[in-house]
S.K.: 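So that we are looking at the same thing, I have put the structure below in structure tokens.
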There are 2 protein chains.
Amino acid sequence: MSPRGQAPDTARPTTLGRALMLVHTGYGVRSELTDRLGLTRTATGTVLRDLEHLRLVRTIPGPRPERGGTGRPSHRVEIHPDAPVALGVQVHYESVALLDVGLGGVAGQIVEHRLPRPATPEAVLGLVADLVAARLATASKRCVGLGLALPSAVAGNGTALAALHLNWPVGVPVASITGDLLAARGHRIPVLVGNDANLAALAEHRHGAGAGASDLLYVTTGQCGVGGGLVLDGRLHTGSAGYALEVGHIPVRPGGRPCHCGSLGCLDVEADPSALLAEAGLPTPEPIMPAARALVAASASDPAARAAVLAVTRRLAAGLASLVNVFNPDRVVLGGLHADLLAVAAAELRDEVARRSYLDQAARVPIVAGRLAQPGLLGAAEVALQPLLDDPRTVLRQDRSAHHPEYRPQGTSS
Amino acid sequence: MSPRGQAPDTARPTTLGRALMLVHTGYGVRSELTDRLGLTRTATGTVLRDLEHLRLVRTIPGPRPERGGTGRPSHRVEIHPDAPVALGVQVHYESVALLDVGLGGVAGQIVEHRLPRPATPEAVLGLVADLVAARLATASKRCVGLGLALPSAVAGNGTALAALHLNWPVGVPVASITGDLLAARGHRIPVLVGNDANLAALAEHRHGAGAGASDLLYVTTGQCGVGGGLVLDGRLHTGSAGYALEVGHIPVRPGGRPCHCGSLGCLDVEADPSALLAEAGLPTPEPIMPAARALVAASASDPAARAAVLAVTRRLAAGLASLVNVFNPDRVVLGGLHADLLAVAAAELRDEVARRSYLDQAARVPIVAGRLAQPGLLGAAEVALQPLLDDPRTVLRQDRSAHHPEYRPQGTSS
DNA sequence: ATCCATTTGTGAAGCGACTGGACAAACTCG
DNA sequence: CGAGTTTGTCCAGTCGCTTCACAAATGGAT
């Protein structure tokens with residue numbers, strides 16, 4: 001049960017895992033790894049040798065292209081080309097996207113497919129299983145798991161709690177259904193499910209605009225509604241039941257639009273694409289995002305569009321201020337349409353958040369746009385990679401023993 | 001720098017510390033310690049032997065008073081009578097309270113003193129230093145630190161960011177000032193400062209109604225304004241700058257009372273004692289709490305009082321629902337006057353929170369009253385004990401060397 | 001009372017992760 | 001070219017934990 005020589009109270013990463021995580025998140029200089037791990041050079045050496053034996057990492061002793069300091073140059077460490085990958089899947093309102101992501105965040109080709117209609121759980125997850133199976137059949141690298149990003153609150157056990165906009169019933173056990181469908185197609189891989197905004201937050205923290213933040217708040221809006229995520233100490237904060245950061249129902253406009261939750265003026269209905277279009281007096285087409293983006297772009301010249309953008313930006317700012325006052329993040333990353341709003345109304349957004357912040361310190365929180373094209377997909381893959389990043393040895397041992405029962409990965413002593 | 005044979009990345013408790021924490025929080029059966037630590041009986045044995053040598057713990061092999069199961073009965077483990085204590089100080093609006101708290105949460109006698117007028121930082125902290133020095137001079141047990149609970153947001157370095165109601169300027173370096181004042185009186189102990197509601201949350205988690213919760217949300221109101229705290233995985237979440245859980249400015253009533261933050265209808269001005277009295281059309285006396293408590297008590301028979309209580313309860317519920325939706329706690333503990341409201345209007349409060357909760361799961365969060373008489377005071381002592389609970393060996397080693405003249409206490413941390 | 005099943009504490013041996021010291025390797029700078 | 005600096009590796013420990021074996025302490029069945 002317990003790994004070995006380690007206390008297993010809170011599942012926390014092995015040193016091997018921490019080292020792999022550092023390489024995964026872009027630290028490629030060996031001496032830097034030594035510093036960040038807080039180990040001696042000797043210990044870092046054995047850790048890297050182990051990771052190399054596991055074919056997760058390789059070190060290049062060759063000289064670095066350009067360096068400043070004196071002394072012997074440090075080796076470069078990079079993800080091994082044979083290292084396993086994870087699959088990320090995102091269920092949107094109209095489509096399903098699939099992407100294979102390796103350690104280091106290197107992504108393959110996105111496959112996208114329209115949602116079947118009606119988009120029942122069975123139909124959607126059947127499609128997901130088909131796409132995944134097809135990808136696995138042709139994959140050259142081992143796949144350690146599947147991550148699934150849903151536009152819904154998701155419980156810790158992989159159950160969709162409120163995929164309202166997909167018209168799913170409450171409590172669809174997505175993880176187990178998908179696992180069964182994959183098993184029926186001959187693939188047995190772990191399936192992890194999460195809220196898309198949560199997962200996007202994780203991805204931005206690992207590989208994007210949130211890198212290095214210790215308390216990262218992420219807020220985004222996609223098709224409809226507003227989602228959020230919080231990354232604390234490098235771990236996604238999902239709350240006790242998995243529905244943390246359901247930020248859509250923060251009141252941001254007294255007497256505003258009615259929300260399906262029963263209140264008026266929730267963030268969900270005041271700062272999403274349809275709210276922006278409505279503010280400009282425009283109809284809401286399908287799909288909605290291009291129209292909303294066009295409106296934001298038009299705001300550079302069109303005063304009416306500008307007014308709508310500013311109105312929505314103000315309400316977004318009110319919601320952000322509430323969250324900043326409560327979470328005290330050291331960085332705020334905006335995704336989806338909110339990143340577009342930030343691009344055209346950064347000053348207004350930051351001023352309004354600062355004005356509504358309780359403390360001077362809160363007013364100085366950096367608010368930046370996300371840097372990733374597909375943060376939800378990447379985050380989904382990221383959670384599938386998580387066990388590997390926590391404890392590479394155990395994951396690979398299990399993985400190998402499925403194929404070669406007698407295989408024994410060599411320990412440190414030769 | 002690093003302890004020894006352990007990775008020092010995120011400061012996390014030693015196994016010795018984890019064991020001490022368990023005894024500290026009331027686990028007194030040795031076999032239970034073995035289970036909770038996730039260690040073998042052998043390892044638990046050596047850990048306890050070490051703690052015993054440090055005179056932090058003692059084990060009583062004698063038979064337990066009453067047991068059910070078969071087999072050899074397990075030893076009892078309890079805090080050693082010689083174990084060190086910590087001092088907790090709480091600055092209220094009209095008084096300062098001081099309490100010495102030992103491991104296990106055993107508290108001594110509270111000393112209370114009226115605030116000097118004007119209550120400048122120098123005057124207040126001078127009084128604190130006098131009280132602490134007097135207590136240290138007569139103390140029989142070693143004191144590992146002083147915790148200071150303030151009605152203000154507090155930065156990680158022990159600086160009061162917004163002691164508005166004390167009329168303090170922004171940015172009083174409370175920890176360092178108090179440390180210097182104590183040093184001038186011949187006492188060199190670490191001083192840690194925190195927000196009173198934050199610290200109360202920690203105390204309720206360790207020794208009160210929040211015990212065992214993995215994601216504990218605490219909300220309270222004292223003299224004026226509403227405070228909160230969040231305990232995640234047994235650690236106080238203070239945010240990156242220390243002002244997390246400033247919950248007072250969540251909007252709970254569109255068009256409500258004006259708040260000093262500039263908005264209308266903030267939780268701070270809608271769910272504190274003066275809001276309750278105002279709702280009932282009563283004046284706000286000094287001190288305010290007895291009057292507010294009397295009003296809550298009167299609500300059993302007086303319809304007008306009842307109406308005021310229900311109005312404030314509804315607004316509190318609105319704030320709680322917002323917080324529950326974003327934090328997804330597995331328990332909510334109410335302190336101060338909010339606990340009184342819960343006592344007389346539990347059904348109404350819970351129903352309203354459930355109604356405003358986004359998810360069914362959120363609606364089922366247990367909402368309970370705090371159990372501690374002086375949670376802020378206890379929590380202050382708790383953070384002063386924290387280094388001991390994280391790494392008993394190092395703290396006691398430093399403590400021994402404190403008799404050497406060149407010892408320098410750290411200002412603060414966490 | 002006696003034996004048995006069960007649970008708990010303890011000693012011996014060993015392993016894995018890490019440290020510290022010593023040394024060789026690789027680079028910059030003068 | 002050598003001096004100074006930084007880096008990787010070998011060797012001998014240490015520390016925290018495990019496994020195995022056994023003794024101690026109970027309740028229950030006989």
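What you see is a predicted model, and the numbers here were worked out from it, not measured in a lab. To find a chain, count down the sequence lines: A is the first, B the second, and so on, and within it residues start at 1.
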S.K.: Closest to the T70(A) side chain: dG4(D), dA5(C), dG9(C)?
M.R.: dG4(D)

S.K.: In chain order, what residues pass the side-chain contact (heavy atoms from CB on, under 4.5 Å) check against R49(B), with sequence neighbours excluded?
M.R.: T46(B), H53(B)

S.K.: Take atom CG of D391(B) and atom P of dC15(D), then tell me their distance rounded to the nearest Å.
M.R.: 14 Å

S.K.: Can you check the E52(B) CD to dG9(C) P distance for me, whole Å?
M.R.: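 Those two atoms, CD and P, are 12 Å apart.
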
S.K.: Does S31(B) reach a base, just sugar-phosphate, or nothing at all? Heavy atoms under 4.0 Å.
M.R.: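 The answer is sugar-phosphate, as S31(B) gets under 4.0 Å only of primed atoms, P, OP1 or OP2.
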
S.K.: Could you check how far NE2 of H75(A) sits from C1' of dA24(C), rounded to whole Å?
M.R.: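 That distance rounds to 12 Å.
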
S.K.: For a quick test of reading the model, state the closest non-hydrogen atom pair linking L37(B) to T15(B) and the distance between them.
M.R.: CD2-O, 4.4 Å

S.K.: Roughly how many Å is it from CG in L37(B) to C1' in dT8(C), rounded to a whole number?
M.R.: 16 Å

S.K.: List in chain and number order the residues that pass side-chain hydrogen bond (donor to acceptor under 3.5 Å, both in side chains) with R206(B), two or more places apart in sequence or in another chain; answer none if no residue qualifies.
M.R.: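 Only E382(B), Q386(B) meet the side-chain hydrogen bond (donor to acceptor under 3.5 Å, both in side chains) criterion with R206(B).
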
S.K.: Taking only residues two or more places apart in sequence or in another chain, which ones pass salt bridge (charged side-chain N to carboxylate O under 4.0 Å, His left out) with D35(B)?
M.R.: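 Salt bridge (charged side-chain N to carboxylate O under 4.0 Å, His left out) list for D35(B), sorted by chain: empty.
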
S.K.: Taking 4.0 angstrom as the limit, do R371(B) and E204(B) come out as a salt bridge?
M.R.: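 Salt bridge flag = no for E204(B) with R371(B).
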
S.K.: R30(A) side chain: which of dT9(D), dT18(D), dC18(C) is closest?
M.R.: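 The closest nucleotide is dT9(D).
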
S.K.: Whole angstrom is fine here: how far is it from CG in L33(A) over to C1' in dT6(D)?
M.R.: 16 Å

S.K.: Looking at the side chain of R41(B), which of dT19(C), dT8(C), dA26(C) is the nearest nucleotide?
M.R.: dT8(C)

S.K.: What residues form a side-chain hydrogen bond (donor to acceptor under 3.5 Å, both in side chains) with D330(A), not counting sequence neighbours?
M.R.: S214(A)

S.K.: Can you tell me if the side-chain N/O atoms of T15(B) get under 4.0 Å from OP1 or OP2 in dC17(D)?
M.R.: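 True: T15(B) side-chain N/O within range (under 4.0 Å) of dC17(D) OP1/OP2.
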
S.K.: Using atom CZ of R397(A) as one end and atom P of dG16(C) as the other, report the distance to the nearest whole Å.
M.R.: 10 Å

S.K.: Starting at CG of D50(B) and ending at C1' of dC15(D), how long is that distance when rounded to a whole Å?
M.R.: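 For the pair D50(B) CG and dC15(D) C1', the rounded distance is 11 Å.
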
S.K.: Enumerate all atom pairs, one protein N or O and one N or O from nucleotides 10-13 of chain D, separated by less than 3.5 Å.
M.R.:
residue, atom, partner, partner atom, Å
dC10(D), N4, T42(A), OG1, 3.0

S.K.: I'd like to check the side-chain contact (heavy atoms from CB on, under 4.5 Å) partners of A241(B); sequence neighbours left out, ordered by chain and number.
M.R.: N328(A), Q361(A), Y243(B)

S.K.: Can a side chain N or O of T44(B) be found less than 4.0 Å away from OP1 or OP2 on dG9(C)?
M.R.: no

S.K.: Among dA5(C), dA26(C), dA17(C), find the nucleotide with the atom closest to the side chain of R72(A).
M.R.: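 Closest nucleotide to the R72(A) side chain: dA26(C).
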
S.K.: Quick one: which of dC18(C), dC17(D), dG9(C) gets closest to the side chain of L39(B)?
M.R.: dC17(D)

S.K.: Just the rounded figure in Å: distance from P of dT7(D) to CG of L48(A).
M.R.: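 From L48(A) CG to dT7(D) P: 14 Å.
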
S.K.: Taking only the side-chain heavy atoms of A43(A) (C-beta and beyond), determine which of dT19(C), dG8(D), dT28(C) contains the nearest atom.
M.R.: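 Ranking dT19(C), dG8(D), dT28(C) by closest atom to the A43(A) side chain puts dT19(C) first.
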
